[in-house]
2 protein chains.
Amino acid sequence: MAQTRREKLRDATREEIMSTAWKQIGEVGASGLSLRGIAREMGMTAPGLYRYYKDRDALVTALLMDAFGSFTSALETGRGTRKADDHAGRFSAMCKSYFQWAVQNPQRYMLLFGTPIQGYMFAEELGPVARRSFLVLQGVIGEAYVAGKIKGELTALRLPTSLKVQYEALGKFGMPYTGTVTQLALSAWSMIHGMTSLYLYNYLSGFLQGSVDAFVDFEIEKMKKILGLE
Amino acid sequence: MAQTRREKLRDATREEIMSTAWKQIGEVGASGLSLRGIAREMGMTAPGLYRYYKDRDALVTALLMDAFGSFTSALETGRGTRKADDHAGRFSAMCKSYFQWAVQNPQRYMLLFGTPIQGYMFAEELGPVARRSFLVLQGVIGEAYVAGKIKGELTALRLPTSLKVQYEALGKFGMPYTGTVTQLALSAWSMIHGMTSLYLYNYLSGFLQGSVDAFVDFEIEKMKKILGLE
DNA sequence: TAAAATAGTAAACACTGTAAACAATTGTAA
DNA sequence: TTACAATTGTTTACAGTGTTTACTATTTTA
């Protein structure tokens, strides 16, 4: 079923609102986002925006959806630069893409993983989208795992029962891979997010100045060694 | 030199402003902090607050100073629960304290390491205070290192030259310990912060439910094994 | 006791998100 | 083509924010 002319215009306006919002966020940061500012830049008045988004939170949710999509794509693209059986390469490339995307889209990353905007409540519908991002990471580790390419001794550590039970429960809800893989993925995610987040909030640059990339690369390689990925 | 009566009252009011601010932050989150709200709760009008803090950012800076102090104390207290030569114990205890402080003071932690408030610019004077927190972590690792208790193979990885050069430059500015120690400390900080931050922003609880502590403990033990700490 | 410093208020300005009422535009059906 | 309906936008208004200015009490000091 084709889009009517009106629907096309409507979608275009929605698009323009989003891109104007991103422009604003890029300039003044996510916390400085303002409906009135968006409207002003678009040459209309603020209440008009309410025809397109229920309220400011709805717009923020749409922005988050958009950002998660871009982020996940970046991870997938990074992963895709290496052949499917080059598990170590895929892991490095994906981690590198993770960090680079964040550096190139700092405000976007902070919007996703930092303190949200004034009183914004994380929308339910974002859960699955966020999970998709994680699945890329979990997938890379999981595929390496089932291929027997993860040989780190620390991988063989026995998980405490409470975690084991928890991960098994997840499996019943359709989560792929074993508990070990999930544990490794959550661990890797924590590490990458930690570096990224500290860097974006300027806690690393005091120590590292221009050598941040070297630091991150070094730690990614270390993670690979810990996993015994080869 | 004793405090005059007026100075005592002034300090008391400053204190009351701070505690009221913390109360507000605890209730509605850091982004919901409002000068008018503070004044309201204190039974005065908003402009009166300007006699005590130059503007909202100055108050936030004071809050950050306060939070950093509390945070650093928590780390030191955790470290202090083990004897000076029990390096492995000190490391675990400090990491545990890190996470626990964050869980008990989520809004405070987010204020320190998350997206700051609407348009707030990180004040210069916070640099040294923030560094003091890091020095606790670096100290624990550094003391273990000089005592020869860090025997992990991954510790012996050769640092890329750019990092080496950078760390040596830091030494000239009075940073203690070698480049290796700084690298290990930054790495550990990234990991702990990553777990903490993901947890506070609810990205882990979906996977871990009530088993978050088990996850964190497990990863702390893993870090110890990686460091070869014993 | 007079002067100076301090603490607080009231009113105003420029912002913000949002709701209600209304006008203008566009699309559809008789 | 005309009449109606749906949609899009504006105007106005309200309640909230940080902040400045002018003014008034109060307290301390000389």
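The sequence lines fix the lettering, A, B, ..., with proteins before strands; numbering per chain opens at 1. From a predicted model like this one, the values you see are computed outputs, not experimental measurements. All values below come from the heavy atoms of this structure, side chains included, with hydrogens, waters and symmetry mates left out.
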Given atom [atom1] of [X] and atom [atom2] of [N], what is their separation to the nearest angstrom?
X	N	atom1	atom2	value
E7(B)	dA5(C)	CD	C1'	13 Å
I38(A)	dT16(C)	CD1	C1'	13 Å
D57(A)	dA19(C)	CG	P	11 Å
Y52(B)	dG18(D)	OH	P	18 Å
I17(A)	dG9(D)	CD1	P	8 Å
L49(A)	dT18(C)	CG	C1'	11 Å
L35(A)	dT17(D)	CG	P	18 Å
Y50(A)	dG17(C)	OH	P	7 Å

Legend entry - Ion pair check, R10(B) and E7(B), cut-off under 4.0 Å: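 No salt bridge links R10(B) with E7(B).
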
Legend entry - Plane angle bin for F134(A) and F207(B) - parallel if under 30°, tilted between 30 and 60°, otherwise perpendicular: tilted

Inset, instruction - Please determine if a side-chain N or O atom of S34(A) lies less than 4.0 Å away from the OP1 or OP2 oxygen of dT16(C). - result: yes

Legend entry - Under 3.5 Å: donor-acceptor pair, side chain of S197(B), backbone of G194(B):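 Flag not set: sc S197(B) to bb G194(B) has no pair under 3.5 Å.
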
Legend entry - Selected nucleotide, minimal atom distance to T45(A) side chain, candidates dC15(C), dA10(C), dT11(D): dT11(D)

Inset, instruction - With the side chain of M44(B) defined as its heavy atoms from C-beta on, choose the nearest nucleotide among dA7(C), dT9(C), dG16(D). - result: dT9(C)

Inset, instruction - Output, in order, the C-alpha distance, side-chain angles, deciding distance and verdict of side chain to side chain donor-acceptor pair (under 3.5 Å) for W101(A) and S73(A). - result: CA-CA 10 Å; W101(A) 186 89; S73(A) 293; over 6 Å; no

Inset, instruction - Between protein and nucleotides 22-30 of chain D, map the contacts as a letter string: B base, S sugar-phosphate only, - none, heavy atoms under 4.0 Å, written 5' to 3'. - result: -----BS--

Inset, instruction - Answer yes or no: side-chain N or O of R36(B) and base N or O of dG18(D) forming a donor-acceptor pair under 3.5 Å. - result: yes

Legend entry - K222(A) atom NZ: more than 12 heavy-atom contacts under 6.0 Å: yes

Inset, instruction - Using a cut-off of 6.0 Å, state whether more than 12 heavy atoms not belonging to E27(B) lie near its atom CD. - result: yes

Legend entry - F113(A)/Y201(B) under ring-ring contact (aromatic ring centres under 6.0 Å, His included): CA gap, chis, key distance, verdict: CA-CA 7 Å; F113(A) 297 110; Y201(B) 291 118; 8.9 Å; no

Legend entry - Residue whose nearest DNA chain C nucleotide is more 5′ - P47(B) or K54(A): P47(B)

